[in-house]
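The figures that follow rest on heavy atoms only: side chains count, while hydrogens, waters and symmetry mates do not. These numbers were taken from a predicted model, which means no experiment stands behind them.
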Amino acid sequence: MSILHFINEHLPNVIFESPFYYNNEYSIRFELGPPDSNIDNNTYYNVVRERIVALFLAIFTENHPMYIVGYRTKPREI
């Protein structure tokens, strides 16, 4: 089954565009970064990665089928 077929069959009302969280009736949003905003980028992203892996391992089993859908946004201008 192709990803488009799966989405059309099982997720017909989901809007796959930014901001995903606000465009859909149901969604879950996690704050993955540490509360201290005065830390260096490497520490920040290490904490984020650890939290993502922990969530992933808690949610999915080895035989649990899944699709991961991502989208790329335009970089913010600084």
Side-chain angles (χ1 to χ4, degrees):
M1 175 183 302
S2 75
I3 185 69
L4 291 177
H5 183 260
F6 179 87
I7 289 171
N8 289 333
E9 184 175 326
H10 298 284
L11 306 167
N13 298 321
V14 175
I15 301 168
F16 288 94
E17 61 184 45
S18 184
F20 185 86
Y21 178 78
Y22 295 108
N23 283 335
N24 291 284
E25 184 175 0
Y26 302 105
S27 60
I28 299 174
R29 183 174 180 174
F30 296 96
E31 178 56 51
L32 297 171
D36 183 5
S37 61
N38 294 322
I39 59 174
D40 63 274
N41 278 342
N42 285 339
T43 302
Y44 180 88
Y45 286 109
N46 284 335
V47 171
V48 169
R49 190 189 62 184
E50 289 172 9
R51 291 178 176 181
I52 289 170
V53 170
L55 283 169
F56 184 87
L57 294 174
I59 295 169
F60 299 106
T61 64
E62 187 173 321
N63 296 320
H64 191 129
M66 73 173 118
Y67 288 108
I68 298 174
V69 177
Y71 60 88
R72 188 172 83 161
T73 61
K74 276 181 29 178
R76 286 185 281 168
E77 293 191 26
I78 299 175

**Other residues, nucleotides, ligands: >12 heavy atoms within 6.0 Å of E9 CD** = yes
**Request:** Taking all non-hydrogen atoms of both residues into account, name the closest pair between N13 and N24 and its distance.
**Result:** O-OD1, 3.9 Å
**Same cluster (ILVMFWY, side-chain, under 4.5 Å), V53 and V47** = no
**Request:** In sequence, state the C-alpha distance, the side-chain angles, and the governing distance for V14 and Y26, and then conclude on side chain to side chain contact (heavy atoms under 4.5 Å, CB included).
**Result:** CA-CA 9 Å; V14 175; Y26 302 105; over 6 Å; no
**Request:** Any pair with a residue in residues 42-59 that passes side chain to side chain donor-acceptor pair (under 3.5 Å), sequence neighbours left out, goes on the list, sorted by first then second residue, please.
**Result:** D40-T43
**Prompt:** Linking I/L/V/M/F/W/Y whenever any side-chain heavy atoms sit under 4.5 Å apart, do I7 and I15 land together?
**Reply:** no
**Item:** Nearest-0.5 Å distance, CZ of residue F6 to CG of residue L11
**Value:** 5.5 Å
